[in-house]
Each structure stands twice: as structure tokens, then as C-alpha cells.
Student: 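Mind having a look at this structure? Questions to follow.
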Amino acid sequence: MRKVIAAMKVSVDEKVEGSAGHADWVEAWSEDYGLMPQIDACVLGGGMYPGYEQYWTSIQNDPNTPVWITGKAPSPAEIEWARFAAETPHYVLSSTMTATRWPKTSFVRGIGEIADLKQQPGKDIYLVGGARTVASLIDAGLVDELRLIVYPLIAGVGKALFPTTEHRHRLELREVKQLEGGRVSLIYAIGNGAG
Ligand SMILES: NC(=O)c1ccc[n+]([C@@H]2O[C@H](COP(=O)([O-])OP(=O)(O)OC[C@H]3O[C@@H](n4cnc5c(N)ncnc54)[C@H](OP(=O)(O)O)[C@@H]3O)[C@@H](O)[C@H]2O)c1
């Protein structure tokens with residue numbers, strides 16, 4: 001069965017966004033987890049999708065103009081993700097949203113549909129976020145792997161990665177790598193049995 005892989009950029013205190021409403025310590029929103037060769041679908045929560053679509057649409061339309069979250073021109077890796085994202089089906093978990101500008105985006109109305117997606121043939125699925133969606137899909141036993149890039153900072157006030165996780169989940173460390181700028185890449189397998 002294809003795997004669901006959640007991957008997020010967090011501070012040491014596990015914040016996924018700061019008081020500004022985004023993780024302003026992240027210098028680029030490129031897919032830095034090495035997932036592109038192994039995925040052919042993305043799952044996102046309705047909370048983050050509008051900002052995500054706006055961010056990557058602006059890079060797709062004009063890769064030379066500074067983008068609104070980072071305030072900088074997109075990096076080559078961001079331009080690569082913008083192209084990949086345009087060709088890749090995106091599934092947005094939302095009971096309320098109906099409109100998207102991306103032809104390959106569709107809305108899923110409950111986590112049962114994510115379970116169905118896992119059963120379909122295909123490559124792995126990248127769970128892009130946000131925090132509540134990652135927490136609820138982990139609690140539902142649908143996430144197989146967690147990839148974190150930990151930034152060297154205590155963010156303080158902000159949105160935590162697992163604020164709504166209800167159950168204990170055992171993790172098995174698969175890889176640790178030190179990255180540029182004091183960041184650390186962690187890959188965990190998630191045990192979906194009794195913990
Ligand atoms: N640091 C990072 O790497 C990173 C990555 C991605 C996102 N983020 C941050 O995460 C923030 C968004 O996270 P969020 O937690 O506010 O929202 P979210 O997880 O993106 O979306 C939550 C929404 O998903 C829908 N939903 C439907 N069924 C659900 C279920 N079973 N469980 C959870 N959600 C369900 C609901 O929308 P309806 O009300 O429409 O049903 C819910 O309001 C963004 O602002 C972004 O800054 C950070």
C-alpha cells in the first residue's frame with residue numbers, strides 16, 4: 001500500500017507558525033525532504049490550502065518576483081516545487097471549501113476518503129499540513145512516516161504541530177541529518193499499532 005508521509009518545518013519548540021501567522025524563520029518553502037521522486041499526490045488541510053495555492057500560484061506565474069511569505073524571490077528549489085505541484089493532484093480535506101483555481105485540486109470531505117486514497121494504486125502521498133490535519137490523520141492511523149526539519153530556534157508564541165493529537169504514537173527513528181544553517185532533518189516511521 002502507498003505510504004502517507006507528513007513533512008513539516010518546525011522550531012525546536014515544535015511550532016509550525018509564529019505570531020505573524022506563518023513560520024517567518026523559514027527562508028524558503030521548497031520541498032526539502034527529498035520526497036519528489038517517490039510521491040504522486042498531496043494532501044492538505046482546508047486551513048492552509050488558500051495560502052498555499054496563493055503562494056505557489058504566484059511563483060508559477062512569475063518566478064522572478066518576491067513572494068509574500070518570505071519577501072524574497074523564490075529559490076530554484078521553490079521554482080522546482082511550483083512546477084511539480086502544478087502537475088500533481090492535490091486533495092484538500094475540507095467540509096466547507098468548494099472553489100480552487102488549480103485544475104488538479106479536489107476536495108475530500110472526510111478522513112475516510114484519505115483511507116480510500118491510500119488503497120488506490122500509485123506512489124506515496126505527501127501530507128503537506130497543516131497542524132490540525134496532520135494531528136487528526138496521525139490519530140486515525142493513516143500516516144506512516146513523519147519528516148521534520150527542525151530549525152534552531154525557540155519560536156515562543158505560535159501554532160504547535162501537535163496541539164490536537166489525542167493518542168500516544170510510538171515513533172521509530174529512521175534517519176538524522178544535519179543540514180545547513182543549524183537545521184536538523186529527522187525521519188520517523190510511525191507505529192500504527194497499539195502504543
Ligand atoms: N511549518 C510548516 O511546515 C507548515 C506546513 C504547512 C502548514 N503550516 C501552517 O499550518 C497552518 C494551518 O494549519 P491549521 O491546523 O490551522 O489548519 P489545517 O490543518 O490546514 O486545516 C484544518 C481544516 O481542515 C479541515 N478538516 C476537515 N476534516 C478534518 C479532520 N478530520 N481533521 C482536521 N481538519 C479537517 C477543516 O476545514 P473545514 O472547516 O473546511 O472542514 C479544518 O478547519 C498554516 O497557517 C500554516 O502556516 C506550516
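Side-chain atoms are counted along with the backbone in the values below, which use heavy atoms only and exclude waters and symmetry mates.
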Student: Return the CH2 to OG1 distance between Trp25 and Thr70, rounded to the nearest 0.5 Å.
Tutor: 14.5 Å
Student: Roughly how far, to the nearest 0.5 Å, is NE2 of His169 from CG of Leu146?
Tutor: 11.0 Å
Student: Rounded to the nearest 0.5 Å, what separation is found between the CG atom of Leu93 and the CD atom of Glu113?
Tutor: 8.5 Å
Student: Any salt bridge between Arg170 and Glu172, counting N to O under 4.0 Å?
Tutor: no
Student: What class does the angle between the rings of Tyr52 and His90 fall in, given that below 30° is parallel, 30 to 60° is tilted and above 60° is perpendicular?
Tutor: tilted
Student: Only one of Gln38, Arg2, Lys3 forms a side chain to side chain donor-acceptor pair (under 3.5 Å) with Asp124, so which one is it?
Tutor: Gln38
Student: Would you mind reporting whether Leu171 and Ile190 have side-chain heavy atoms less than 4.5 Å apart?
Tutor: yes
Student: Going by atom types only, do Glu53 and Thr100 share a side-chain donor-acceptor pair under 3.5 Å?
Tutor: yes
Student: Crowded around Leu173 CG? As in, over 12 foreign heavy atoms under 6.0 Å?
Tutor: yes
Student: Could you state the interatomic distance from CD (Glu175) to CD1 (Ile187), rounded to the nearest 0.5 Å?
Tutor: 4.0 Å
Student: Do other residues, nucleotides or ligands put more than 12 heavy atoms under 6.0 Å from the CD atom of Gln120?
Tutor: yes
Student: Could you measure the distance from the SG atom of Cys42 to the OH atom of Tyr49? Nearest 0.5 Å is fine.
Tutor: 10.0 Å
Student: Using 0.5 Å steps for rounding, measure from the OG atom of Ser19 to the CG atom of Asp24.
Tutor: 7.0 Å
Student: Should the heavy atoms of other residues, nucleotides or ligands under 6.0 Å from CZ of Arg109 be counted, would the total exceed 12?
Tutor: yes
Student: Got a sec: does the NZ of Lys123 have more than 12 other heavy atoms crowding it under 6.0 Å?
Tutor: yes
Student: Do Lys72 and Glu78 come within less than 4.5 Å of each other through their side chains, counting heavy atoms only?
Tutor: no
Student: Hey, which of Tyr126, Trp29, Tyr55, Tyr33 is the one that makes ring pair (Phe, Tyr, Trp, His ring centres under 6.0 Å) with Trp81?
Tutor: Tyr126
